[in-house]
Amino acid sequence: MVSTMSTAISVSPAFSSTPKFDEYPFEEVARGMAPFPLSTFDNFIYSEQAGENLDFYREVDVYKKNFELKNKKTLSLFTKIMETYIVPGSEGEINISGDMRESLLEAKASELISPDVFNEAQRTVFAVMASDKYPRFLDLIRSTNLNDKLATGAQRLGRSFLFLSVLIVGTSIGVQYYAESELERRDSRALEIMNNRFW
């Protein structure tokens, strides 16, 4: 299913603040608490047409917090999650087992909600993201980092050649200008000597 959020992906700049970024807990990445460039995982998973998993995971977290606070919005959040991600054919339908979906639909019909009603489904989508999407995202960061380093090296080399070229051209112009000035000075001197002899 297509995620309700944007599917645009932006290229991430190289990540160099720590060499162990791939050891960062995925749970914090999934909850939107990771530093850059891991925070760009959102863009990546939306571009993979799998953003509904991330959306569901985070909305379930919001639902749990509201349930704990006994917020009046808890029931509406429960209904929204069901209609967006669980009901067959829904806009953001997540890929879970038939038995799991049926159990959730029964909970929806009876309105017997609890803070852990979505736990199994949440663990399922988390496992999918952690075992498939996230490793590929880390590979993308690594390759982008390498490409950026190569590009930076090429740019530096290009600037060095440009500087050398400018230096050579500048030196050539300077030598030519000096030679022309010297010839002009000598011609003027010779003309002056001839004039003095004539008079």
Side-chain angles (χ1 to χ4, degrees), residues 1-69 71 73-74 76-78 80-87 90-97 100-101 104 114-159:
M1 291 294 175
V2 178
S3 170
T4 56
M5 301 185 70
S6 171
T7 58
I9 183 171
S10 58
V11 177
S12 306
F15 180 69
S16 58
S17 62
T18 171
K20 297 183 178 180
F21 66 91
D22 53 349
E23 296 178 6
Y24 203 86
F26 176 64
E27 185 174 3
E28 295 190 26
V29 175
R31 286 178 174 162
M33 300 168 61
F36 178 85
L38 299 184
S39 56
T40 60
F41 176 72
D42 293 26
N43 288 344
F44 172 79
I45 197 168
Y46 296 146
S47 74
E48 293 278 298
Q49 304 298 310
E52 67 277 358
N53 289 331
L54 188 61
D55 296 342
F56 171 77
Y57 184 87
R58 290 178 178 173
E59 288 190 30
V60 168
D61 273 352
V62 173
Y63 162 78
K64 288 179 178 179
K65 290 177 182 177
N66 277 271
F67 196 100
E68 291 173 1
L69 297 173
N71 194 308
K73 295 164 57 173
T74 301
S76 62
L77 287 171
F78 172 83
K80 177 179 179 294
I81 291 172
M82 284 289 185
E83 294 179 350
T84 303
Y85 304 106
I86 306 302
V87 174
S90 56
E91 186 176 8
E93 182 181 356
I94 58 173
N95 186 16
I96 54 177
S97 69
M100 193 183 303
R101 193 181 308 279
L104 288 169
S114 66
D116 58 356
V117 65
F118 295 112
N119 279 3
E120 191 175 359
Q122 192 180 35
R123 282 194 295 268
T124 297
V125 299
F126 180 90
V128 170
M129 293 188 291
S131 63
D132 177 39
K133 302 301 181 183
Y134 190 53
R136 293 201 291 114
F137 169 69
L138 292 179
D139 288 341
L140 177 63
I141 289 182
R142 293 189 192 97
S143 62
T144 302
N145 189 30
L146 176 60
N147 290 337
D148 285 352
K149 286 181 179 178
L150 292 174
T152 300
Q155 289 173 357
R156 289 176 179 172
L157 185 60
R159 285 196 294 269

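Note that this is a predicted model, so its numbers are computed, not measured. What you see below is based on every heavy atom in this structure, not just the backbone, and it leaves out hydrogens, waters and symmetry mates.
T124 is linked by a side chain to side chain contact (heavy atoms under 4.5 Å, CB included) to I96, M100, counting only residues two or more places apart in sequence or in another chain. Taking the salt bridge (charged side-chain N to carboxylate O under 4.0 Å, His left out) definition, one finds that K64 meets it with nothing, sequence neighbours left out. F41 pairs by the ring-ring contact (aromatic ring centres under 6.0 Å, His included) definition with F26, Y134, F137, not counting sequence neighbours. Every side chain to side chain contact (heavy atoms under 4.5 Å, CB included) that D132 has, sequence neighbours left out, goes to R136. Partners of S76 by side-chain hydrogen bond (donor to acceptor under 3.5 Å, both in side chains), not counting sequence neighbours: none found. Residues that satisfy the side chain to side chain contact (heavy atoms under 4.5 Å, CB included) test with V117, not counting sequence neighbours, are Y63, F78, L104, A107, S114. Evaluation of the side-chain hydrogen bond (donor to acceptor under 3.5 Å, both in side chains) rule for E28 yields Y24 as partners, not counting sequence neighbours. In terms of the salt bridge (charged side-chain N to carboxylate O under 4.0 Å, His left out) criterion, R123 has no residue partners (sequence neighbours excluded). Residues meeting the salt bridge (charged side-chain N to carboxylate O under 4.0 Å, His left out) test with D61, sequence neighbours left out: R31. Considering only residues two or more places apart in sequence or on other chains, K80 meets the side-chain hydrogen bond (donor to acceptor under 3.5 Å, both in side chains) condition with E59.
Between V87 and E93 the shortest side-chain heavy-atom distance does not fall below 4.5 Å. Residues N95 and V128 are not in side-chain contact: their nearest non-hydrogen atoms beyond the backbone lie 4.5 Å or more apart. At a threshold of 4.5 Å between non-hydrogen side-chain atoms, the residues L54 and Y46 count as touching.
A pairwise comparison of heavy atoms in T74 and N66 identifies OG1-O, 3.2 Å as the closest pair. Across every non-hydrogen atom of A50 and K133, the tightest pair is CB-CE, 3.7 Å. When every heavy atom of S131 is checked against every heavy atom of P135, the shortest pair comes out as O-CG, 3.5 Å.
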Legend entry - Stepwise side chain to side chain contact (heavy atoms under 4.5 Å, CB included) check, Y85 with D55: CA-CA 9 Å; Y85 304 106; D55 296 342; 3.2 Å; yes
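The closest donor-acceptor contact from the side chain of T84 to the backbone of G92 lies at 3.5 Å or more, if one exists at all.
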